[in-house]
Amino acid sequence: MPSGKRTKAMKTETSDKLVVEGGPSDSTKKAQAAKDCGNESSRYWLMKSEPESRMEKGVDVKQFGIEDLKAQPKQTACWDGVRNYQARNFLRAMKVGEEAFFYHSNCKEPGIAGLMKIVKEAYPDHTQFEKGSPHYDPSSKKDNPKWSVVDVQFIRMTKRFIPLAELKVHHQAHKASGGPLENMALFTRQRLSVQPLTKGEFDFVLSLEDKKPS
DNA sequence: GCCAACGTTGGC
DNA sequence: GCCAACGTTGGC
């Protein structure tokens with residue numbers, strides 16, 4: 001579920017209402033999400049996706065990299081396949097216009113490849129109801145869907161690819177003597193596929209674009 | 001391909 | 001509600 005967003009049928013025209021569906025404790029979780037990333041008013045995100053195809057349950061699962069997003073109609077896609085509650089709650093907290101890093105995971109060179117923005121807020125993930133989808137969830141009911149997606153639109157590639165290894169060097173240094181990447185979720189919340197960044201983290205990562213690879 | 005980290009499931 | 005077994009994520 002990592003990333004797993006497949007290119008699929010992009011339905012940008014759908015008029016699904018922007019209902020934020022959710023269980024009873026949803027507002028609590030949202031509050032938690034808000035707390036996790038500090039300032040509620042300026043939010044930044046990092047979203048992981050696997051750019052390379054891979055075998056899953058004996059089927060070749062089409063993966064989705066930033067080039068795939070770029071190739072979509074309107075360069076827009078729905079971010080489906082998230083199957084982790086914490087990541088889902090972050091999806092549900094996203095607002096139109098907020099920016100996110102497109103992170104390539106589980107590949108030769110993991111790292112940040114580009115920027116995208118949220119263009120449609122959370123609505124039910126259609127793949128949870130599709131038998132045969134690797135993301136099918138038989139326990140999810142149509143009248144109370146468990147999983148959500150948002151629509152994202154390509155903004156641009158980063159001026160250069162920013163490898164995980166490089167971010168890690170900064171994280172380690174900042175951890176030792178203070179700095180913006182000290183608590184970056186990429187390292188402190190290892191397996192979270194959708195995660196918030198503070199403005200400080202976001203700005204620092206962007207500043208690396210103009211620096212020589214370290 | 002290996003395996004550490006960690007989320008989920010299910011027996012009790 | 002505890003916790004061992006199991007499955008998945010994702011770097012290396």
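The chains referred to below are lettered A, B, ... by the order of the sequence lines, with proteins before strands, and numbering in each begins at 1.
- In this model, a donor atom of one side chain and an acceptor atom of the other lie less than 3.5 Å apart for A:Ser148 and A:Arg92.
- Within the structure, salt bridge (charged side-chain N to carboxylate O under 4.0 Å, His left out) pairs that include any residue of residues 157-175 of chain A comprise A:Lys159-A:Asp210, A:Arg160-A:Glu166 (at least two apart or interchain).
- If you take CG of A:Leu186 and P of C:dG11, they are 8 Å apart, rounded to a whole angstrom.
- Atom CG in A:Leu46 sits about 13 Å away from atom C1' in C:dG10, given to the nearest Å.
- Atom pair A:Lys108:NZ and B:dG1:C1' shows a separation of 13 Å (rounding to whole Å applied).
- The nucleotide whose nearest atom lies closest to any side-chain atom of A:Pro110 is, among B:dT8, C:dG10, C:dG11, C:dG11.
- No side-chain donor from either of A:Glu209 and A:Thr158 sits under 3.5 Å from a side-chain acceptor of the other.
- Across the protein-nucleic acid pair, A:Lys146 atom NZ and B:dT8 atom P stand 10 Å apart, rounded to whole Å.
- For the residue pair A:Asp151 and A:Trp79, no side-chain donor N or O sits within less than 3.5 Å of a side-chain acceptor on the partner.
- Put simply, CD on A:Gln86 is 15 Å from P on C:dT9, counting in whole angstrom units.
- Rounded to an integer number of Å, the gap from A:Asp137 CG to B:dT8 C1' is 12 Å.
- Between A:Tyr103 and C:dT9 there is no side-chain polar atom (N or O) within less than 4.0 angstrom of OP1 or OP2.
- Atom-to-atom, CD1 of A:Ile112 to P of C:dG10 comes out at 14 Å; the value is rounded to the nearest Å.
- Comparing C:dG10, C:dG11, B:dA5 against the side chain of A:Gln190 picks out B:dA5 as the nearest.
- No contact: A:Phe187 has no heavy atom under 4.0 Å from any strand.
- Taking 4.0 Å as the cut-off between side-chain N and carboxylate O, A:Asp125 and A:Lys146 do not count as a salt-bridged pair.
- Partners of A:Phe129 under the ring-ring contact (aromatic ring centres under 6.0 Å, His included) rule, at least two apart in sequence or in another chain, do not exist in this structure.
- Near DNA chain C, meaning a heavy atom under 4.0 Å from it, residues 160-169 of chain A has A:Leu164, A:Lys168 in order of number.
- What separates CG of A:Leu192 from P of B:dT8 is a distance of 11 Å, to the nearest Å.
- A donor-acceptor contact closer than 3.5 angstrom links the side chains of A:Thr127 and A:Arg83.
- A close approach under 4.0 Å does not occur between any side-chain nitrogen or oxygen of A:Lys48 and OP1 or OP2 of C:dT9.
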